[in-house]
Undergrad: 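I'd like to ask some things about the structure below.
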Amino acid sequence: MRVGILGSGLMGGKLGTIFARAGHEVVFSYARRHEKLKELARDARGNTRAGTPREAAQEADALLLAVHWSRMDDVLSQTGDLSGKVIVSCSLPMNAHNTELVVAHTSSGAEVLAKRVPKARVVSAFNTVPSEVLFGVFEARRRTTRSSLVYCGDDASSKGIAAELIRDVGFDPVDAGPLRIARYTEPFALLVAQLAYERKGGPELAYRFERFGE
Ligand SMILES: NC(=O)c1ccc[n+]([C@@H]2O[C@H](COP(=O)([O-])OP(=O)(O)OC[C@H]3O[C@@H](n4cnc5c(N)ncnc54)[C@H](OP(=O)(O)O)[C@@H]3O)[C@@H](O)[C@H]2O)c1
């Protein structure tokens, strides 16, 4: 597939690199320095390049949205028309200090995004996992017991694409249902992030906590 990365930070940089190593064509976009995007594309060592959000979106089979919630409008204003595009979003609706969800319980970031780009097909995925464990998961992908990763969305074919990307990273994709299920997975993801970043042994602990959920 051709995968456009919108937000090439901790999540976008790692997932884009893994998608490229799994054989997908990847365009890294949206960082403060274009040079960083070029470095990411070079280090990923696959069919990769650096581009603008518009270039990342063009002809993309899937877009990974991996920006801070506060950058959402800015990045979406640069992509051009996203009608019909599959957007796999790992972005959590966090406030500026990353202390609280600004959308929760009666809606979710994923649903707000879907309303913001109503003609796109949004899937919520990857936000329940800390970025630090992603390369380890990819390295262990051929093991018989794989960790599960939940995703949700309203459109069957875009969920199929998200499931394929989740599998390529090394997880077993678990369809959690329609997009509104993000009302439950996003607060869960915040809990996991708090374990990951505020506790000793953080990322490993959070990852094990997810496995415990299995
Ligand atoms: N990190 C995790 O473990 C994790 C886990 C689950 C979910 N998430 C979610 O994933 C999303 C991305 O998180 P992240 O940790 O990957 O964030 P991040 O490392 O800060 O990446 C965000 C990207 O946006 C770019 N950016 C920020 N401001 C910009 C601007 N003014 N102009 C152009 N580019 C700009 C950053 O550029 P630079 O590269 O130049 O800084 C970076 O490439 C968030 O919504 C977060 O809630 C993260």
Side-chain angles (χ1 to χ4, degrees), residues 1-9 11-20 22-31 37 40-41 44 46-93 103 107-128 149-169 171 173-183 185-186 189:
M1 286 191 270
R2 181 169 167 163
V3 186
I5 306 294
L6 301 173
S8 299
M11 288 298 272
K14 288 193 176 74
L15 283 171
T17 300
I18 290 171
F19 295 151
H24 300 291
E25 182 186 341
V26 173
V27 182
F28 288 99
S29 80
Y30 204 73
L37 299 173
L40 271 173
N47 188 356
T48 53
R49 66 189 176 89
T52 62
R54 185 176 288 269
E55 287 163 344
Q58 262 163 15
E59 292 166 43
D61 299 298
L63 286 164
L64 176 79
L65 183 64
V67 293
H68 190 272
W69 191 246
S70 59
R71 305 308 309 170
M72 192 72 77
D73 282 341
D74 187 50
V75 72
L76 292 176
S77 73
Q78 296 180 40
T79 55
D81 184 17
L82 294 178
S83 297
K85 296 285 180 197
V86 175
I87 303 179
V88 179
S89 175
C90 70
S91 293
L92 292 170
V103 183
S107 186
S108 59
E111 290 165 281
V112 171
L113 171 67
K115 283 200 186 99
R116 170 79 173 69
V117 274
K119 292 188 178 149
R121 299 179 290 155
V122 175
V123 181
S124 172
F126 293 115
N127 54 16
T128 56
L149 191 109
V150 292
Y151 65 106
C152 61
D154 291 333
D155 174 71
S157 69
S158 51
K159 284 171 90 169
I161 287 173
E164 194 178 330
L165 291 173
I166 290 168
R167 215 172 275 118
D168 287 344
V169 174
F171 293 103
V174 175
D175 184 351
L179 201 61
R180 64 181 162 73
I181 295 299
R183 292 173 199 183
T185 56
E186 288 176 4

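The chain is numbered in sequence order, starting from 1.
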Undergrad: Answer yes or no: is there a side-chain heavy-atom contact under 4.5 Å between Glu55 and Ser29?
TA: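 Not in contact.
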Undergrad: Any heavy-atom pair between the side chains of Leu113 and Val117 that's under 4.5 Å?
TA: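 Side chain of Val117 against side chain of Leu113, heavy atoms only: contact under 4.5 Å found.
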Undergrad: Here's a test for you: under side chain to side chain contact (heavy atoms under 4.5 Å, CB included), which of Ile181, Thr185, Ile166 qualifies with Tyr151?
TA: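 Exactly one candidate clears the test, Ile166.
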Undergrad: Between Ala41 and Ala50, which heavy-atom pair has the shortest distance, and what is it?
TA: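 In this case the closest contact between Ala41 and Ala50 is CB-N, 3.9 Å.
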Undergrad: Which is it for Leu165 and Met1 under the side chain to side chain contact (heavy atoms under 4.5 Å, CB included) test, yes or no, and what are the steps along the way?
TA: CA-CA 9 Å; Leu165 291 173; Met1 286 191 270; 3.6 Å; yes
Undergrad: Any side-chain heavy-atom pair from Leu82 and Ile87 closer than 4.5 angstrom?
TA: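 They are in contact (side-chain heavy atoms under 4.5 Å apart), so the answer is yes.
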Undergrad: Check the pair Val75, Gln78 against side chain to side chain contact (heavy atoms under 4.5 Å, CB included), reporting the backbone distance first and the verdict last.
TA: CA-CA 5 Å; Val75 72; Gln78 296 180 40; 5.6 Å; no
Undergrad: When you compare the side chain of Met72 with that of Ser91, does any pair of heavy atoms fall below 4.5 Å?
TA: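 In short, these two side chains touch, coming nearer than 4.5 Å.
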Undergrad: Would you say that more than 12 heavy atoms from the other residues, nucleotides or ligands in this model lie under 6.0 Å from the CZ of Arg180, or not?
TA: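 No, CZ of Arg180 has 12 or fewer neighbouring heavy atoms, counting only those of other groups under 6.0 Å.
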Undergrad: Do Lys119 and Asp81 come close enough that some side-chain heavy atom pair is under 4.5 Å?
TA: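 Sidechains of Asp81 and Lys119: no contact.
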Undergrad: Using side-chain contact (heavy atoms from CB on, under 4.5 Å) as the criterion, list what pairs up with Asp154, not counting sequence neighbours.
TA: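 Per chain and number, Asp154 pairs via side-chain contact (heavy atoms from CB on, under 4.5 Å) with Pro178, Leu179.
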Undergrad: Using every non-hydrogen atom in the two residues, find where Val27 and Arg2 come nearest and quote the distance to one decimal.
TA: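 Smallest interatomic distance, heavy atoms only, reads CG2-NH2, 3.8 Å.
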Undergrad: Do Asp168 and His24 make a side-chain contact, defined as non-hydrogen atoms from C-beta onward lying under 4.5 Å apart?
TA: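 Yes; the side chains approach each other to less than 4.5 Å.
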Undergrad: Using side chain to side chain contact (heavy atoms under 4.5 Å, CB included), reason through Leu92 and Trp69 one step at a time and then give a plain yes or no.
TA: CA-CA 6 Å; Leu92 292 170; Trp69 191 246; over 6 Å; no
Undergrad: Got a second to check how far Ile5's CD1 is from Phe28's CZ, nearest 0.5 Å?
TA: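 CZ of Phe28 is found 6.0 Å from CD1 of Ile5.
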Undergrad: State which residues pass side-chain contact (heavy atoms from CB on, under 4.5 Å) with Arg54; sequence neighbours excluded, sorted by chain then number.
TA: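 Arg54 satisfies side-chain contact (heavy atoms from CB on, under 4.5 Å) with Thr52, Gln58 once adjacent residues are dropped.
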Undergrad: Does any part of the side chain of Ser124, heavy atoms only, come nearer than 4.5 Å to the side chain of Cys152, both counted from C-beta?
TA: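 Answer yes - side chains close enough.
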Undergrad: Looking at every non-hydrogen atom in both residues, tell me the closest pair between Ala125 and Val88 and how far apart they are.
TA: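 Looks like CB-CG1, 3.9 Å.
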Undergrad: Grab the two heavy atoms, one from Ser107 and one from Val103, that are nearest each other, plus how far apart they are.
TA: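 Residues Ser107 and Val103, closest heavy atoms: C-CG1, 3.7 Å.
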Undergrad: Search all heavy atoms of Ala66 against all heavy atoms of Gly12 and return the closest pair with its distance.
TA: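 Between these two residues, the closest heavy atoms are CB-N, 3.8 Å.
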Undergrad: Taking the basic N atoms (NZ, or NE/NH1/NH2) and the acidic carboxylate oxygens, is any pair closer than 4.0 Å for Arg183 and Glu111?
TA: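 Salt bridge flag = yes for Glu111 with Arg183.
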Undergrad: Grab the two heavy atoms, one from Lys85 and one from Leu63, that are nearest each other, plus how far apart they are.
TA: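 Closest pair (atom of Lys85, atom of Leu63, distance): CB-CD1, 4.2 Å.
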Undergrad: List the steps and the verdict of side chain to side chain contact (heavy atoms under 4.5 Å, CB included) for Val169 and Phe19.
TA: CA-CA 7 Å; Val169 174; Phe19 295 151; 3.6 Å; yes
